[in-house]
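Scroll down for the structure; my scribbles are underneath it.
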Protein chains: 2
Amino acid sequence: MPEPSEPPLRRVERKERTRRAILDAALDLSDESTLAAISLRQVAKQVGIVPTAFYRHFDSIDALGLALVDEAFASLRTMIRDIRRGDPALADIVDRSIGVLVDHVHLQREHFLFIARERAAGPPGVREAIRHQIELFERELAADLARLPGTDAWSDEDLRVLSNLIVTAMVATAESILSVAGRPDEEKQIVEQARTQLRMVLVGALNWRSKP
Amino acid sequence: MPEPSEPPLRRVERKERTRRAILDAALDLSDESTLAAISLRQVAKQVGIVPTAFYRHFDSIDALGLALVDEAFASLRTMIRDIRRGDPALADIVDRSIGVLVDHVHLQREHFLFIARERAAGPPGVREAIRHQIELFERELAADLARLPGTDAWSDEDLRVLSNLIVTAMVATAESILSVAGRPDEEKQIVEQARTQLRMVLVGALNWRSKP
DNA sequence: GGTTTCGGTGGACAGTCGTACACTGAAAGT
DNA sequence: ACTTTCAGTGTACGACTGTCCACCGAAACC
């Protein structure tokens with residue numbers, strides 16, 4: 001049986017392969033503790049390269065962190081694309097959105113963990129990048145909400161405020177799910193709470209009237 | 001002029017004084033980066049003691065972290081005591097609660113920063129301690145809400161879910177305020193958003209009916 | 001007043017840290 | 001075929017890490 005892909009790896013491919021290994025190693029190591037607490041040498045050892053070889057790929061651990069932020073949010077974007085797909089006015093929009101969130105938390109567990117940690121404790125540049133990305137999510141959500149029936153009388157400001165509240169609640173839900181990893185009954189409870197919260201917020205929204 | 005308090009400091013007092021200095025130094029050092037990323041020697045240097053003297057007060061940096069959690073939440077408890085004081089059914093309950101929160105974030109800035117960071121990125125024991133304390137807050141808030149008019153028909157479960165949502169939003173508000181330190185106009189905007197969010201949630205609550 | 005307690009000292013240790021430097025060898029470019 | 005590029009190597013450095021140990025001196029105790 002012939003190997004399907006054994007052409008002897010071009011140089012750029014080898015480099016990309018090592019770069020991936022570094023990203024994975026950093027993600028793995030920062031799983032316990034923080035990016036700010038892991039050393040270049042630990043990463044290099046885990047990858048199987050000599051410490052100085054690290055610099056062929058990143059200027060510093062901080063730069064590595066920014067690359068991980070990009071990667072993590074790229075996968076998050078596929079998530080909201082999944083949520084957007086389908087009838088936006090569907091009645092079960094709450095259940096479906098939270099379902100997608102839960103699925104992605106499991107599928108991209110390490111990315112969510114990384115963002116949750118570094119959002120609060122990462123290097124300043126990393127924190128700022130994450131904050132910016134979350135703000136983008138809020139803006140997109142506000143635009144989506146504006147297309148929903150019943151929000152005609154809402155001010156832009158109130159749409160943003162509501163989006164911020166929803167995103168905050170969803171981030172907290174993701175963090176809770178991660179913190180009970182491996183205890184499915186507790187997770188079920190958290191998911192059910194998230195559904196109820198989202199419904200409460202939407203009930204509040206439907207009865208809300210923006211100030212003029 | 002006679003010095004008011006210069007009796008030559010008893011031993012226990014000296015020890016307590018050093019202990020405080022260690023806690024303050026740790027709080028100060030973890031301001032940039034994390035508890036997990038600071039070293040025993042850094043703390044000792046900042047306090048002005050020799051590294052090994054640290055062990056006279058704490059077994060490890062983690063133990064220090066737990067002490068800081070206790071301290072930070074002790075000051076938070078004075079905050080909710082302030083909020084509770086006064087007519088619980090007052091119409092401006094939202095404005096007053098958020099006002100107290102904002103005041104305390106400024107007064108206890110370092111404690112809030114510490115909790116925000118270590119909640120997500122601290123040593124496991126520290127994370128667990130913080131999570132537990134926040135859960136206690138949720139329980140207390142649920143009890144307070146139960147005494148409010150209009151919640152008679154609410155199930156205990158829904159009260160807890162609502163409390164969780166409110167606490168989550170308030171934690172996020174505190175974090176936002178901390179992240180814009182020194183820019184009063186942005187802070188004003190965040191505070192105004194928090195007020196609106198809390199009102200939205202309460203509108204949702206007043207129109208909510210628990211399932212039987 | 002003699003003894004005990006104990007917060008703090010100072011030196012030494014085996015590791016780990018980031019980074020500088022000169023290098024190798026194979027792929028890429030010509 | 002000859003040269004250049006460059007991911008990865010190996011050594012070496014001074015600085016910093018947690019912790020062990022014997023020691024001090026003044027407050028606390030009896």
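Hydrogens, waters and symmetry mates are skipped; everything else that's a heavy atom, side chains included, is used. Order of the sequence lines fixes the chain letters, A, B, ..., with proteins taken first and strands second; residue numbering starts at 1 for each chain. Given the structure is predicted, the values throughout are model-derived calculations rather than measurements.
- For the pair A:Phe58 CZ and D:dA7 C1', the computed distance is 14 Å after rounding to whole Å.
- Within a 6.0 Å radius of CD in A:Glu16, other residues, nucleotides and ligands contribute more than 12 heavy atoms.
- How far CD of A:Gln108 is from OG1 of A:Thr78: 6.5 Å, rounded to the nearest 0.5 Å.
- Between A:Arg19 and A:Asp24 there is no salt bridge, since none of the side-chain N atoms of the basic residue sits less than 4.0 Å from a carboxylate O of the acidic one.
- The residue A:Thr18 sits close only to the backbone: its heavy atoms come under 4.0 Å of sugar-phosphate atoms, none of a base.
- Taking atom CZ of B:Phe54 as the reference point, atom C1' of C:dC6 lies 18 Å away to the nearest angstrom.
- A:Arg56 contributes a side-chain N or O that forms a donor-acceptor pair with the base of D:dG8 under 3.5 Å.
- Atom CZ of B:Arg20 and atom P of C:dG7 are 18 Å apart (whole Å).
- Rounded to an integer number of Å, the gap from B:Arg17 CZ to D:dA27 C1' is 15 Å.
- Taking atom CD1 of residue B:Ile49 and atom P of nucleotide C:dG10, one finds them 13 Å apart after rounding to whole Å.
- With the nearest nucleotide of DNA chain C identified for both A:Ile61 and B:Gly48, B:Gly48 has the one nearer the 5' end.
- Atom CD of A:Gln42 and atom P of C:dG15 are 17 Å apart (whole Å).
- When the nearest nucleotides of DNA chain C are assigned to B:His57 and A:Arg41 by heavy-atom distance, the more 5′-ward of the two goes with B:His57.
- Atoms NZ (B:Lys45) and C1' (C:dT9) sit 17 Å apart, rounded to a whole Å.
- A sub-4.0 Å separation between OP1 or OP2 of C:dA27 and a side-chain N or O of A:Arg14 is absent.
- The residue among B:Tyr55 and A:Ala53 whose nearest nucleotide of DNA chain D lies closer to the 5′ end is A:Ala53.
- Candidate nucleotides C:dA28, C:dG18, C:dG11 were compared by shortest atom distance to the side chain of B:Thr52, and C:dG11 ranks first.
- Between B:Gln46 and B:Val43 there is no side-chain heavy-atom pair separated by less than 4.5 Å.
- A donor-acceptor contact under 3.5 Å is not formed by the side chain of A:Ser39 with the base of C:dG18.
- No more than 12 heavy-atom neighbours from other residues, nucleotides or ligands sit within 6.0 angstrom of CG on A:Asp59.
- As rounded to whole Å, 13 Å separates atom P of D:dG8 from atom CD of A:Glu13.
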